Novice: 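Dumping the structure here so I can ask a few things about it.
Note that this is a predicted model, so its numbers are computed, not measured.
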Amino acid sequence: MFNVNRQMLTRGALASAVAIPATLFAGFALAQVEGQPTPGGLGLPNMVTPVGLGTQQFYNMVLMPIISFIALFVLGLLVYVSYRFNEQKNPIPSKLTHNTPLEIVWTLIPVLILLFISVPSLRLLAEQVEVPESSVTIKVTGNQWYWSYKYPEDQGGGFGFDQMLKPESELQPGDLRLLTVDNEALVPVNEVIAVQITSNDVIHAFGVPSFGVRMDAIPGRLNQTWFKIEKEGVYYGQCFFICGKDHAYMPIVIRAVSREKYNEWLAQSKQKFASADSRVRVAAESR
Amino acid sequence: MASSTMAGAHDHPRGLRRFLFSTNHKDIGTLYIILGSVGGVIGFLLSLAMRLELAYPGVQIFPGLAEALHGADPSMALDAGKNLYNVFITVHGVLMIFFMAMPILIGGFGNWFVPIMIGAPDMAFPRLNNISFWLLFSSLVLAVISMFVEGAPGMKGFGGGWTFYPPLSSNTGSPGPAMDFVILALHLAGASSILGAINFITTIFNMRAPGMTLHKMPLFVWSILVTAFLLLLVLPVLAGCVTMLLTDRNFGTMFYDPAGGGDPLLFQHLLWFFGHPEVYIVILPGFGIISQIVSTFSKKPVFGYLGMAYAMVSIGVLGSIVWAHHMYTVGMSLNAQRYFTLATMVIAVPTGIKIFSWIATMWGGSISFRAPMVWAIGFIFVFTMGGITGVVLANASADKQFHEGYYVVAHFHYTLSLGAVFALYAGFYYWFPKMTGYMYSETLAKANFWLLFIGVNIVFFPQHFLGLGGMPRRYIDYPDAYALWNLVSSCGMIFVTLSLIVWFYAIIEAFMRKRQAGANPWGVGATTLEWTLSSPPPFHQFQVLPRITGSVR
């Protein structure tokens, strides 16, 4: 086993010697593909929901500039005092130990900065937590180690299915390792989707980075969150709470399509998943 | 003060008797530092294995490790490897917090220097002190055993993260006895810390030398006092929390089982009611150490002493009422999330006061850049870095993007793996001459600093990018897009490993060269009482209590 591993490591090292510069440039040169992580990416993914866009704005426009400024300010002060007040330059230390106005200032300015942050923060929070009136509700249940989805009958659904990771051996070109699944969950674009989340066994967490959504799936609780996808496409997410050995192997795939296509899919899926017990794997027929 | 007869009654035991049965605060402190170093090295080796695994996408080394460590069957090696990775992340967290940072900072430096700094001959309850240490030792043994007994069905060890959330830690997720071992380890570690905290509080309140008022105590003593109060308040909550888990697992109770009317969230609330103050328990002694060092090497008293002392008190108080900011994604009500957001952000204010006061202490000083001071300046910078990402994560709204991802991993490693560890190294080099009597090599100590500083920044800075990109934490394998920054992060471990080797060598070199440090190697800036004693201090110090007249802090 160790021999095999060593070979794999060496091979990996050789490959990466070529691959790293390549990925590095690819990361900067290529535009991000929406819905999936960018190789070598430095920032937040492109957001496709109002909440996601709000998060992106809040982080990029408010938090990031403020924290960068504070870090550089403290670094600058440290460099300056180290340069200006070292033993050689300043052999006689001052006896300064108090300066009340200064102390008031460095208490009040952080308070003002925090108040400034809290306004957009609390506004965004309310937007995240308060679920607006929705046209589609789906129920997502975490299991060790896959997600199951249920579409309610009164919205044209009445079926459920499991979403399993596609094993590495079955990947097609264009599939993403550890992200592509057998059954994608479809939702209509530009509509408010309410998601009810719970778990059958241990705690999982449903998270899709490009939606700005992360919600725990807890047995015995029905959590609710929402998203409104403003762009058609395939969006990948993963489990965000440790749930046992295959925690890294239970991705989430949501595909946003037009209302017509969604209705078509509902009708088809009703047939396809009708007879299947939700626990039975129906992966084989999906493609 | 019958000094001569006392000295005769407490003679100097040797060998095993000296350390096994020790009631001497300095010997117990040394034991704690050794235990913490062992725990830290094991914790480091675990993280080395994790970073090696994560260097490339795919699963490479853990199946082999599982075969080697647990004798896993080759056909099951992949699953055993995945489980072992989770066990490693769990034990890494437990070791670094309970068996590295706490023993060295509180048990080690606290035991060594709190009595000396307040002018006391020893701790208030010396035998309790001994029990504290050996309880912790037993706890470490139980924690390590847990890695080798069954946890999840057919798997060895408990792999659910150091927060042990049920149902993964209850019979649903880990029916085997591994979790029971972890629970009992936590009980013992908790009892050890509670006894230690009682000892510190009693010592600090009752055994200060004449003239040493509370407002004249060195800030390190203040930091230990606040820490001890936090320990005393929150550890019983942890004990109750894990005891209920124990009865859920073994005696049919349903505290955390929704099937019987329980609630897994109850566990999370109780755990974080302990767990959040716990992170301040780890960092506050570091604050104290940094205050001493910055003042010593700037040759100036600490700027804004009272503000510094009460900033620590307020961090302790605020730190105890913000626990649910670890639970923003569990589905709390909007108002609860609003409260925890605002309360958490407020902590930035006293923390800012501390950062600015350290810089103001250096301002106008005559700074000598000896190794402890270099470590302290490094601490101020990396702790600021960890602090500002903390302000980001305090916002429930932003946290929804970062929760349980690598941004969080980067954040808490900047505050702990960099912050607490830098404070620990700063204290180690600052007091090494006092504890051993020998001077360390300045070159080696600084090489140790630069290697670790460069190393941990390479390890943890790219993890911010991974977190922003959406990589979840506690993953043995990740989508290929995250490969670049994971590889960079893993490369940083080379420097970290080298820094550890240099640290070992620095200790060996100091003991071999035997450069005499003298009572006070740091000069006029070192004003606290430990520098008035010989190096190493006598077995029993202050047989005639010192009288504090002027300012000693």
Novice: Would you mind checking which part of A/Ser121 comes under 4.5 Å of any heavy atom in chain B, side chain (CB onward), backbone (N, CA, C, O), both or neither?
Specialist: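 Backbone plus side chain of A/Ser121, per the 4.5 Å heavy-atom cut-off to chain B.
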Novice: If you measure only the distance, is there a donor-acceptor pair under 3.5 Å linking the side chains of A/Tyr83 and A/Lys89?
Specialist: yes
Novice: What about the rings of B/Tyr407 and B/Trp485, do their centers lie closer together than 6.0 Å?
Specialist: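 Centroid distance B/Tyr407-B/Trp485: not below 6.0 Å, so no.
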Novice: Check each atom of A/Val81 against the heavy atoms of chain B and say whether the ones under 4.5 Å are side chain, backbone, both or neither.
Specialist: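 Both backbone and side chain.
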Novice: Is there a donor-acceptor contact under 3.5 Å linking the side chains of B/Ser295 and B/Thr361?
Specialist: no
Novice: Do A/Arg214's NZ or CZ and the ring of A/Phe240 fall within the cation-pi criteria of under 6.0 Å and 45°?
Specialist: yes
Novice: Just say parallel, tilted or perpendicular for the rings of B/Phe158 and B/Phe164, cut-offs at 30° and 60°.
Specialist: tilted
Novice: Between A/His247 and B/Tyr85 (judged by ring centroids, cut-off 6.0 Å), do the two rings come close enough to count as a pair?
Specialist: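 No - the distance between ring centres of A/His247 and B/Tyr85 does not fall below the 6.0 Å cut-off.
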Novice: For A/Arg123, is it the side chain, the backbone, both or neither that has a heavy atom under 4.5 Å from a heavy atom of chain B?
Specialist: neither
Novice: Sort by residue number and list every member of residues 57-66 of chain A having a non-hydrogen atom under 4.5 Å from chain B.
Specialist: A/Phe58, A/Tyr59, A/Leu63
Novice: When you check the gap from the basic side-chain N to the acidic O, do A/Arg177 and B/Asp477 get nearer than 4.0 Å?
Specialist: yes
Novice: Which bit of B/Met155 is near chain A, if near means a heavy-atom gap under 4.5 Å: side chain, backbone, both or neither?
Specialist: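 Answer is side chain: those atoms of B/Met155 sit under 4.5 Å from chain A.
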Novice: Can you say whether B/Leu466 sits under 4.5 Å from chain A via the side chain, the backbone, both, or neither, judging by heavy atoms?
Specialist: neither
Novice: Less than 4.5 Å to any heavy atom of chain A: does that hold for the side chain of B/Met362, its backbone, both, or neither?
Specialist: both
Novice: What class does the angle between the rings of B/Tyr482 and B/Tyr478 fall in, given that below 30° is parallel, 30 to 60° is tilted and above 60° is perpendicular?
Specialist: perpendicular
Novice: Applying side chain to side chain contact (heavy atoms under 4.5 Å, CB included), can you list everything that pairs with B/Phe369, at least two apart in sequence or on another chain?
Specialist: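 Here the qualifying residues are A/Ser82, A/Asn86, B/Ile367, B/Val374, B/Ile377.
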Novice: Of the backbone (N, CA, C, O) and the side chain (C-beta and beyond), which part of B/Pro258 lies under 4.5 Å from a heavy atom of chain A, both, or neither?
Specialist: side chain
Novice: Counting only heavy atoms closer than 4.5 Å, note whether A/Gln144 contacts chain B via side chain, backbone, both or neither.
Specialist: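 For A/Gln144, side-chain heavy atoms alone lie under 4.5 Å from chain B.
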